[in-house]
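Quantities reported herein were computed from a predicted structural model and do not represent experimental measurements. Side-chain atoms are counted along with the backbone in the values below, which use heavy atoms only and exclude waters and symmetry mates.
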Amino acid sequence: MRSLTPLGVHISSLEQFGSSSQAGNIAINPEDGTVYVTVERSSDDGGIEIDILQISTDNSEPEVIASFTSPVLAPFPKPAHQGETLDLHFLPDDRSLVILLAGGDIATLALEGEDGGVAPVEVVGSVDSGIKAAAWAPDDEQIVLVTGEDNLVCMTRHFDVIHEEPLRSDDFGEDKFINVGWGSRQTQFHGSLGKAAAKQPINSSQSLSHPTDSGLPYITFRGDASYFAISSLDPYSDGESARRQIRIYSRDPNTGFVPKLSATSENLPGLEGNLSWRPTGNLISTLIRYGYPGGGEGREGKWDIAMLERNGLRHGGFELREDKQTWKDGKVKGLQWNSDSEVLAIWIERSDKDVVQLWSMKNYHYYLKQELFSHDSTSPRFKGFKWHPEDPLSIYLYGEDFVQARAFVWDTYTARLPMPHDTASVAVVDGQKLLITPFRTQNTPPPMSSYHLDLPSVPIHVSLSDTTDSLAVLFSDGLVQVWDLNTRLSDPKSGSRLRGGGKVAEPKLRYSTNLRAEGKRLVKQLAFGPNGKVAVLSWAEKEGSIGCQVNVVDEKEETEVENLEGDIERLLWTGEGELLVLTAEGQLTSGKSSFIIHILSCSHVDIVCVVASDHPVDVTLGPHPTALSYSASSDLIFALSPNSKLHLAALSPSSPISTPIASNVNSYTLTPDFLIYTTTSQTSHYAPLPTLKRLAHGDDLLPHEMVWDERRVERGSLIVTACESSMSLVLQMPRGNLETVYPRALVLAVVKQDVLSGNYRNAFLQCRKHRLDLNVLYDLDPAQFMKYLKDFVEQVPEVDYLNLFVSSLNSADSARVLYGDHSKDPSSSSSKLIDKVNSLCDSLRSILEQRGVEQYVETILTTHVCKQPADYESGLKVLLTLQADHPEIVEDAIKYIIFLSDVNRLYDVALGMYNFQLVLMIAQYSQKDPKEYLPFLRELRALDKWDQRFMIDDHLARRESALRNLKQCGPERFEEASSYLSRYELYDEAFVLYADEPEHRQVIHDLYGDYLYDRRDFTDAAISYILAKKEEKALKAYEKAHAWRELFTLAKKLGVSKDDTIQICERVTDHLSSRGRHLEASQVFIEHASDVDSAVDVLCRGTEFSEAYRLTSLHDRSDLIESMIHPGLEEAHEALMETFEEMEGQLDKEVNRLKDLRKIRENDPESFFIVDTEPAIEGVDVATNATTAVTGFTRYTVAPTTVFSQTTKMTGQTAKSKKSRKRATGRKGTVDEYEYLVASIGRLVVRVDDKSNEATSLLRHLRLATSDHIELSKSLQTTIIAFREKLNQSIEFAWEGREDILKEVVESGGAGLEEGLDKSLALVRPVVGGWKGLGILVGQ
C-alpha cells in the first residue's frame, strides 16, 4: 500500500565541456555520494579522449580530475546510446576507479595518490579483440569479461586471469534435470482424443532474436556473488539466424572461484538481452518480446518482464504497459534491481523520449510506481542509469550532457480526516491507475481495491486532504488534478447505507490545471492544503538560475514563487493555512523565508492570508527525514529520520529543536488523539497526543505518563492507516497482505467520547464487540449516567442487551482500570461510588417496571439476582405476581431465573418463602430428581403450620427463624426450644422471644451462664447465674474470675462456713501474691481470715514493710517484728546487693570488650568496618557437594565445622528472624558489635535508676531497725553510689570518639551498621543522675 515519493533532485549539467563531448558512464562513491563521470570525445588520430569528472554532493560544478586518450575503438558494432566507456567502477577499499573501454583498454585511476592528490590514469592492460560486456562481483573481488572473440574471461581485482573459456556451450550445465517421464505428454490422460494425441508431435517453433537486438552479451551477478548469469546471442547452424540464451555460472570458493556452468535457460521465444539478478537471489529478471516471427506467440505489441529461477526455468513475471507504437519503434535498453531488491528500474526508449520506470512487487503483483524523464525537453534521451550501491532508493540517470540524481522515499498516501468524517482512504499508485480503498467501510486486499481513478499518465505524487474528502494528483508534465472522492459513509442513526449495494464512492474531477512552464523543470511533490489550495514543489532552471520553485494553485488562479533558498525536500500545510518548507538539512521554516516574501509581494490578497503567520516557524528536524506529518488537533510536527528515530516538535510556540521520542521506528500514523508507530522489535505503540504536546513544550511528565499502550504485531508489519471512527489499525505484512486490528487504546478513546456525549448505544455496542467491561458506561461519569438512565434504556431497548449490561455490573471502578488514574476528576462527586450495583439495579428496575413488567420481566429478574448479595426472594415474588397477572409468560420467566441463578440456592429461597407451589415449579423446571425433594415435601405437608415452618427453617439453617416458629408451637415445646437454642447458641433471639416469661427466662439465663463459663467469661457468667438464681454456680464463677470482693460478698450472703471461707482465702491470696498484689492479699487475710501472721508474712515478701509495721502495731503483735519483719529486711537487702553485683559484672565485661574493639579498629579497620576487599564472585548460583572448603564467599553462611548440603533449606520467616537477631547482637569484632555494646551500657542506666528507687525505701527501714541493720544500710548505700559512679565513667568511655567512628563508617564504604546508621546517629547519650540515698542519715 506504499508508493514512491520524490524527495531529492540534483541535476548537474555537462554542457560546459563542449557539444562534441558526451557522457560515457558513471560510478558512485557509496560513502559520500560523489559521482564520477567519463566524458568522451573523438580525437584527431581516430581514437578517443576521455575526461573523468567528479560531481560532489554540495551542488558544485563538475570538476575534471583526470584525462587520458585511447587509440582503439570498439572493433564490433554497439548500440548508439552506448559510449566507448563500457564500465566505470569505484573500488572503496582502494579509493580508485577502474575504467573498461569497449576497445579493450583497462585503466585505473587512484583518487588518493602518493602525493595525496589524484594520480594520473594508468592503463594496466588491454584485450586485443575488445570487451563486449563486463561486470564486477558485488564483493569487488572478481571481474567477469566477455571479449570480442566471445570468450568468457574471469579476472581478480588486480586483473590476473584465473579462467578463460568459450562463451557458448552445448552442455546444459552441472545442474541438468533428471527426467524419469513423470508429467510428460505420453503419460497424460487425453480424454476423447485417445492415445493418438500422445503420439502427435509437439509444436516447437524456432526462437529468433528481434532485429533490434544489439547482439551484445549482458552479465549480472547474484547479490552474494556466488552465481552470475550471461545472456548471449547464440547463432544457429545456418549462420543467418540466432536466438538469445541465458547461462548461469557458479563460483566455487573451493576451486579459487573458477566459474562453472550450472544451468542453461529453457527455450524462451522472444527473449531479449537485458537481464538483472535480484540481489536477494531468488529470481533473474529478463525481457521477452511478443508478436514477431520467432518471438513469443501472439500478444502483438507486448513485452513481458520474465522471472527465471537459478535453474533457468521461468517463474512468473509481469507485462510492460507500453503502447504498440513503442513496441514497434522503441526498445527496452536496460533493467536493474536496486540494492534491497524492492524496486526494479526499466529503461525504455519511446519514439519521442526515454523513460525509466520503477516497479515494485507486493502480493505477487507488480506495481508501476514512477516514470522518470529528462528535465530538458531538448535532450529527452538517456545514455544509462545506475542505482546507488547502498542507498536503495537513490538512482542516477545520465544523458549526453547531464547527470540526474533522484532520491525517493516510501510513502503511504492516506487521508487523515477528523471524526466522524474520517474515511481512512488510502491511495496506491499503479501506473495510470490510482487504486483507492476507504478502509472505514471496506478492507479490500491488494492488489485489488474498492475503486480506482483512471489518470492520463503515471502520477508523480498524490496528496489527500486533511479537511475534505478529496485528493490532488501531480503529473510529470506539470498537470495538477483535484478529485472529490464522495465516499459513502454509514449513518450512526439510520445504520449502514452500504448494505443495500451501490458504489463505495462516486469520485468526480473538481478541476484540472497545468503549471506554467518556463525553462527546464522537474516536478517533485504537491501538498493539498485548506480551502482547496494545492502547493506544488519543483526543481527548476530559469535563465541560468537553478533552484526550487513552488506553485500555489486553486480553481481560479496560480501564484508562482521561485528560487527558494536551499534544497527544498517537502511542503507542509498547517491547520491555519500556513505553508511550511523543509530543507534537505532538516530545517522546517516559514515566516521570514524568501518564500513568504514573494507571496507578500503578490497582488492576490487571499494568497497572502493563506501563508501569513504571526509566529514564524523555525524548527530543526534533522537532515533528510523519510516521513513528515502535521497533527492539526495538537499542532505538532512529527518526522522520521533515516536512522529510524521519531522526532517531535511543537509549532505554537515553535520549538527550536525537535525532541526524539522513539527509536527503531519503521512506520507511524496519526489520529486526532494518538500517535501510532511500529518498531523493528515487532511492537506497536499508542502515544496520546495531549501527553506528547506537553512533552514538546518542555513540561515535566510523571513516569506513568511516559508508559504508553503497546501491542505485539507480526514481524515486518508496517502501518497503512488508522481509522478512529472504526477504531481500527490496518497493517501490511511483508508479503503484502493486510491485517486489521482494533487496538485497545483507540477503542477506549471512542467509547469514552461516546459515553461522555451521551451516545450510549454506540458505546454499548463497541464494548460488546470488543469485549470491554460494560461497567465503564457507568464508571466514566456515574452522576451523568444515573441522570440519563432513562435515555440509556431508550437507546438500548433490547432485553438481551440490558440483561448483559446488568449481569456485568460489579463494584470495581472499571474506568480507573481501563483509563488509569486520570480517567476522571477524583474530586468530583461522581467519582464516589456508593453501593453502585444495588442502586443501579434498583433505579433501572423502577424505569423498566414503568415501561412494562411483561416486556422486561427478564431484565427485572436480572436486577434482583445480580444485586450484592443476590435478592432471590424479591425475584421469586415477581414470579408470583406474574403467575397471577400474566400466567402465559411465567414459565419462561422461571426458566430464565433458573438459568441465571444457582438452582439449589433458588430452591432453598423458594422453600424459605413457605410457598410449596413455587417450590414445585422451581424443582420441576430445574429438572431436579423428584426423589430428592418429593419425600421431604410430603413430610412437610403432614405437619401443621408452625411445625412446617420450623422444619423448613431448620433444614435451611435459618436458626433464629426456626426458634421463632418453634415458640409459636406453644409453651409445651419449651424444653425442645431450650435445647435448640443451646445447641445453636441463639441466646440473643431467645431473650427477646421470652422477655415476658420470667420462668423461661431463668432457664435461659442458666444456659447462657454455662455458655459464658465454657468460654471463660467468668464474670459475666456469674451475673447470668445470679439472674438464674444459681448462686452456687455464681460463687464458683467469681472465684474463677478472681473477683475476690464480689466473691466474699456473695459468700457472706450465702453464709459460707468459716473453714470454707479460709480455704477460699488461701486460694485467693496465693493468686494475688503471684501477681504482685501483696497489699490486697494481706487485706484478704486480715478481713476474711483474721490471720495477722499470714498478712505480715505476705507483706514482707512483697517488701511492703510500712504496711507490715502498721499491722503489727494495729493488732498489738510486736513479736512479729523480730520474727518476720527483720528477716524480711535482710532478705530484701541481700537481693538488691546481688542485683547490683550482677550489673557490675555485666558492665565490666562490656567495657573490656569495648577496649578490645578499639584495638581491632586501630589494627584492622577493614575488618572492623566490614569493608569487602575480596573480588566479586560472579556466576555462583548454587553450591555443590564437591565444595567442602569454607571460603570467603561462605564465611557468613556456613559454619566452619560443616560442609555444604544441597538439601538444607531455610524458610523466609526463619531467615528473617535470624537475621534480625544477628543484626541486634552485632557481628563479632565489627562496628556493629561496638554499637550494640554502647546501647547495652546505656540501657543499664534505666535499670539502675529503678533499683536505686527501690533501695531508697529499703534504706529507711534498715536505718530504723537494729544496729546490724544499720550496717547493712551503709553497705547498700555505699555499693549503689559506687556503682553509679562507675557506670557514669563507663558511659563516658563508651561514647568517647563515637562520632569519629560513625563518620568512618560512612567514609569507609563498608557494610557496617547496615540498615541502622540513621538510628545510631539519632541515639542520645544517657546521663546518670544524682542519687544520695539517705545521705548522712545512714551514718548517724
Side-chain angles (χ1 to χ4, degrees), residues 1143-1206 1208-1210 1212 1214-1245 1286-1287 1289-1326:
M1143 289 190 290
E1144 186 174 8
Q1146 176 186 345
L1147 182 62
D1148 290 340
K1149 290 181 180 179
E1150 291 178 346
V1151 170
N1152 292 333
R1153 184 57 183 167
L1154 281 176
K1155 295 178 180 178
D1156 295 339
L1157 290 176
R1158 292 182 187 274
K1159 293 180 181 179
I1160 294 175
R1161 175 196 171 195
E1162 295 176 359
N1163 300 329
D1164 190 3
E1166 292 181 350
S1167 174
F1168 181 77
F1169 293 107
I1170 319 178
V1171 178
D1172 187 9
T1173 59
E1174 298 177 359
I1177 302 178
E1178 299 180 356
V1180 178
D1181 294 329
V1182 64
T1184 65
N1185 289 328
T1187 311
T1188 56
V1190 180
T1191 66
F1193 179 70
T1194 61
R1195 65 177 162 180
Y1196 296 124
T1197 59
V1198 178
T1201 59
T1202 63
V1203 296
F1204 283 163
S1205 173
Q1206 289 177 313
T1208 303
K1209 296 182 179 179
M1210 181 183 294
T1214 304
K1216 184 183 295 184
S1217 62
K1218 285 189 175 182
K1219 182 178 180 181
S1220 176
R1221 289 196 298 270
K1222 184 176 182 181
R1223 186 166 54 245
T1225 57
R1227 284 174 277 190
K1228 297 296 183 181
T1230 66
V1231 67
D1232 288 346
E1233 185 183 4
Y1234 165 81
E1235 190 64 18
Y1236 169 76
L1237 293 175
V1238 170
S1240 178
I1241 294 174
R1243 288 191 293 270
L1244 275 178
V1245 175
K1286 184 176 184 179
L1287 177 61
Q1289 295 174 358
S1290 299
I1291 291 175
E1292 291 181 357
F1293 172 76
W1295 280 76
E1296 183 180 352
R1298 183 172 177 271
E1299 294 182 358
D1300 296 335
I1301 293 176
L1302 296 181
K1303 183 178 180 181
E1304 291 179 23
V1305 169
V1306 179
E1307 294 175 350
S1308 66
L1313 300 181
E1314 183 181 4
E1315 302 178 0
L1317 181 60
D1318 294 339
K1319 184 178 178 180
S1320 298
L1321 293 173
L1323 187 64
V1324 179
R1325 176 177 175 175

Just how far is it from atom [atom1] of [X] to atom [atom2] of [Y], taken to the nearest 0.5 Å?
X	Y	atom1	atom2	answer
Phe1169	Asp1164	CZ	CG	10.5 Å
Leu1147	Ile1291	CG	CD1	8.5 Å
Leu1244	Gln1146	CG	CD	4.5 Å
Glu1166	Ile1160	CD	CD1	14.0 Å

Of all the heavy-atom pairs spanning [X] and [Y], show the shortest one and how long it is.
X	Y	result
Leu1154	Phe1293	CB-CE2, 3.9 Å
Ser1290	Val1151	OG-CG2, 3.6 Å
Phe1168	Ile1301	CE2-CG2, 4.1 Å
Val1245	Pro1326	CG2-CB, 4.1 Å
Ala1294	Ile1241	CB-CD1, 4.1 Å

request  = Taking salt bridge (charged side-chain N to carboxylate O under 4.0 Å, His left out) as the test, write out the residues that go with Lys1286, two or more places apart.
outcome  = Glu1144, Asp1148
query = Under 4.5 Å between any side-chain heavy atoms of Ile1170 and Asp1232, yes or no?
reply = yes
key: Validation row: Leu1323, Trp1295 side chains within 4.5 angstrom (heavy atoms)   = yes
request  = Please list all pairs passing the salt bridge (charged side-chain N to carboxylate O under 4.0 Å, His left out) test where one or both residues lie in residues 1150-1160, with sequence neighbours left out.
outcome  =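 Residue pairs with at least one partner in residues 1150-1160: Arg1153-Glu1233.
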key: Sequence neighbours excluded, every pair satisfying salt bridge (charged side-chain N to carboxylate O under 4.0 Å, His left out) that has a member inside residues 1292-1306   = Arg1161-Glu1304, Glu1235-Arg1298
ask   = Quick one: does Tyr1236's side chain have a donor or acceptor within less than 3.5 Å of a partner on Val1231's backbone?
value =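 Checking the backbone N and O of Val1231 against the side chain of Tyr1236, no donor-acceptor pair under 3.5 Å is found.
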